[in-house]
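Notes follow once the structure below has been shown.
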Amino acid sequence: MQTQTQTRTKIYTVTQVNSLVKEVLDAHLPARITVKGEISDWKEHGSGHRYFCLKDEESVLPCAMWRTSFAGVKFKPANGLAVVVSGNIDLYVPQGRYKLIVEEMMPAGMGALQLAFEQMVKKLEAEGLFSDMHKKPLPKYPQRIGILTSESGAAVHDIADSVHNRWPCTRLYLYPVPVQGPGAAEAIAAAIADVNRRNDRLKLDVLIVGRGGGSLEDLWAFNEEILARSIYASRIPIISAVGHEVDVTVADLVADARASTPTKAGVVAVPNVDDVLSDLVHQEKRLTGSIRARHDISCEYLRTVLASAVFRTPLLPVLNREQHLDDLAWDLGDAMRTVFIRTQKLMQDYYEQVARIEPHRLLGRMMVELNELKSRSLAAVTRVLSNRQLKITAGENRLAALNPKSVLNRGYSITMNKQTGRVVRTAEDVQTDDLLMTELANDNLIESRVTNKLKRDLTAETETPDASDD
Amino acid sequence: MSERKYRDEINKLTFEQAIHQLKDIVSKIEQGEIPLQDSLDQYEKGMALIKHCRGILQKAEKRIEKISREEPPEQEEDSAPLLKE
């Protein structure tokens with residue numbers, strides 16, 4: 001029974017189960033299935049593999065895309081982007097989980113390349129690579145033009161013809177580059193950098209980068225970032241000339257100028273030689289015309305100068321000067337005469353003025369004035385003198401009253417010591433036996449001798465009154 | 001004849017420089033900015049410039065030379081000829 005049960009119920013290992021499920025899945029699911037969904041949970045692993053989910057309204061499908069497969073995706077997948085992917089369902093045995101292993105991915109609704117193009121345009125535009133600010137001016141009259149295109153394509157001849165038909169005097173330099181397929185963008189970018197680096201020797205005025213028409217895939221190199229950045233970095237101006245009129249590439253947007261096709265490159269790159277020649281003719285006419293006009297004007301001026309009186313009669317200035325001198329001589333004579341006459345008249349006037357003065361009458365008038373002054377001063381002097389006389393008499397009287405000798409009349413006397421000749425004022429002025437001279441009124445004098453010197457209350461021999469000298 | 005004295009100077013000019021100088025001379029003479037004697041010199045120079053420009057325009061190169069790729073200078077010890085037909 002037990003063995004029966006054992007044979008009836010087989011026991012599997014986990015690995016066996018997972019492997020069994022994988023076999024069933026591999027056997028019954030189509031080898032390649034295509035699924036449409038929206039990307040979510042997008043992860044870029046360091047290994048280069050991408051892990052994400054596809055989802056619709058109800059379900060989620062885990063997906064993986066290996067590095068080698070992802071290299072073929074031109075656009076940038078992102079969460080929320082609707083895509084159509086192809087691949088196979090695989091079960092990862094160690095974990096018992098299945099995944100869609102994606103081999104191809106396309107954007108839903110539009111071509112992958114179209115999306116990639118739009119994404120690249122958006123990115124570079126945001127960086128300012130297309131800004132007019134960065135566009136270099138093209139040379140007006142290029143003498144050396146570099147052409148970067150395929151050596152084997154028709155584009156090189158289209159470009160060369162379109163340039164040379166308008167402007168045959170320029171030299172063209174072809175730098176052969178692959179223009180499609182893997183590595184083409186890198187090769188063109190490297191060529192642009194190479195030419196720039198060597199341009200001190202190559203001396204190219206402008207570069208034309210392009211190719212003929214083709215599918216979007218064929219033109220793809222011209223949408224790649226590496227080429228766009230190389231065009232942007234070029235110091236030599238670059239004209240793009242890619243595909244047909246309708247094709248617009250990233251290279252067209254970043255280039256300094258765009259020719260819609262290689263056959264239009266000439267129109268953009270070079271002037272029309274006929275226009276330039278006729279401009280030269282025009283310049284020549286202007287130059288010749290203006291120099292002729294200048295010449296004519298100068299000739300006319302010269303004629304005018306020669307026709308002037310100076311050149312007709314060279315002596316005229318001398319004659320003119322002589323005449324002027326004569327005029328001056330005349331003027332001088334006239335002036336002298338005038339001065340003479342005026343002076344004469346002036347003298348006559350003075351004479352008459354002097355004669356009109358009549359000195360005798362003047363003298364009489366002065367005599368009268370003098371007499372008057374004389375009598376007036378005499379009267380003044382007399383008056384002053386009599387005033388003075390009165391004052392003198394008064395003074396005399398007052399002076400007489402002050403005469404010390406006048407007191408002699410009133411009984412005073414003046415005693416002098418004959419030895420010393422001094423007036424005796426005190427007893428000390430005399431010695432006993434000195435001779436004294438006493439003056440009395442009316443010039444009477446008496447001589448006496450000192451017999452004794454006493455104090456008051458004793459009999460005084462000699463009278464000694466207080467008196468001063470005259 | 002006296003164009004000769006400008007020839008060396010002018011031959012060094014690019015077409016663009018020559019045209020520029022020419023237009024400059026024409027407008028200067030037209031506006032009477034320069035004295036008569038100078039204007040005669042400038043006229044001669046202008047005519048020489050025109051001749052130089054015509055010479056350039058009449059050179060129909062009509063050929064394409066090929067530039068060969070050159071390795072960057074680090075590796076460029078024995079460099080290949082710059083241009084070859």
Side-chain angles (χ1 to χ4, degrees), chain A residues 139-148 151 156-157 159-161 163-165 167-177 187 190-191 193-195 197-198 201-205 271 273-274 276-277 279-295 297-299 301-302, chain B residues 13-74 76 79-85:
Chain A
K140 273 174 111 172
Y141 311 100
Q143 298 299 305
R144 298 164 73 87
I145 299 176
I147 301 172
L148 278 67
E151 197 174 1
V156 59
H157 300 293
I159 293 170
D161 289 348
V163 167
H164 274 152
N165 285 344
W167 189 241
C169 57
T170 193
R171 283 190 177 210
L172 299 179
Y173 297 91
L174 173 67
Y175 196 123
V177 286
D194 184 32
V195 168
R197 188 166 49 75
R198 292 156 62 196
R201 285 171 293 159
L202 295 175
K203 298 189 192 311
L204 298 178
D205 299 320
V273 69
D274 294 335
V276 177
L277 273 172
D279 183 48
L280 265 185
V281 170
H282 175 64
Q283 296 295 334
E284 189 175 19
K285 270 186 191 149
R286 280 172 67 182
L287 187 61
T288 317
S290 61
I291 203 73
R292 192 164 291 151
R294 192 80 193 256
H295 175 255
I297 290 168
S298 302
C299 283
Y301 182 63
L302 189 59
Chain B
L13 298 179
T14 66
F15 188 87
E16 190 150 5
Q17 288 167 330
I19 281 273
H20 184 81
Q21 281 198 11
L22 173 62
K23 291 189 173 174
D24 199 42
I25 286 170
V26 169
S27 76
K28 265 189 195 157
I29 293 179
E30 278 183 342
Q31 282 157 31
E33 279 175 13
I34 39 179
L36 182 65
Q37 184 56 50
D38 290 355
S39 76
L40 289 172
D41 290 346
Q42 292 293 298
Y43 168 75
E44 280 170 12
K45 186 173 179 184
M47 293 309 278
L49 284 166
I50 290 171
K51 196 173 163 188
H52 174 66
C53 289
R54 281 221 175 90
I56 290 175
L57 294 183
Q58 279 153 9
K59 256 190 280 168
E61 297 283 346
K62 287 239 178 187
R63 58 184 182 144
I64 307 176
E65 289 174 35
K66 203 155 86 183
I67 312 173
S68 61
R69 173 160 169 71
E70 210 174 73
E71 290 308 308
E74 294 86 60
E76 176 191 39
S79 64
L82 185 63
L83 300 171
K84 57 189 181 189
E85 196 66 26

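Only a predicted model underlies this, so the values are computations on that prediction, with no experimental measurement involved. In the text below, chain A, chain B and the rest are named by the order of the sequence lines, each starting its count at 1.
Using a 4.5 Å cut-off between heavy atoms, A/Pro139 touches chain B through backbone and side chain atoms alike. Neither the backbone nor the side chain of A/Ile159 comes within contact range of chain B; no heavy atom of the residue lies under 4.5 Å from a heavy atom of that chain. Heavy atoms closer than 4.5 Å to chain B are found in the side chain of A/Gln143, but not in its backbone. Using a 4.5 Å cut-off between heavy atoms, B/Ile19 touches chain A through its side chain atoms alone. In this structure, the portions of A/Ala190 lying under 4.5 Å from any heavy atom of chain B include both its backbone and its side chain. Proximity to chain B (any heavy atom under 4.5 Å) is shown, for A/Val177, by neither the backbone nor the side chain. With a 4.5 angstrom heavy-atom cutoff, A/Asp161 does not touch chain B via any of its atoms.
Between A/Tyr141 and A/Trp167, the ring planes are tilted. Angles from 30° to 60° get that label.
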Side chain to side chain contact (heavy atoms under 4.5 Å, CB included) assessment of B/Asp24 paired with B/Gln42 | CA-CA 10 Å; B/Asp24 199 42; B/Gln42 292 293 298; over 6 Å; no

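Note: A/Ile147 CD1 to A/Tyr173 OH = 11.5 Å, rounded to the nearest 0.5 Å. B/Ile25 contributes atom CD1, which lies 12.0 Å from atom OH of B/Tyr43 (distance to the nearest 0.5 angstrom).
No side-chain heavy atom of A/Lys285 sits under 4.5 Å from any side-chain heavy atom of B/Val26.
When each of B/Leu49, B/Leu57, B/Leu22, B/Ile50 is checked for heavy-atom pairs under 4.5 Å with chain A, B/Leu57 comes out on top.
Using a cutoff of 4.0 Å between basic side-chain nitrogens and carboxylate oxygens, B/Asp41 and B/Lys45 are not scored as salt-bridged.
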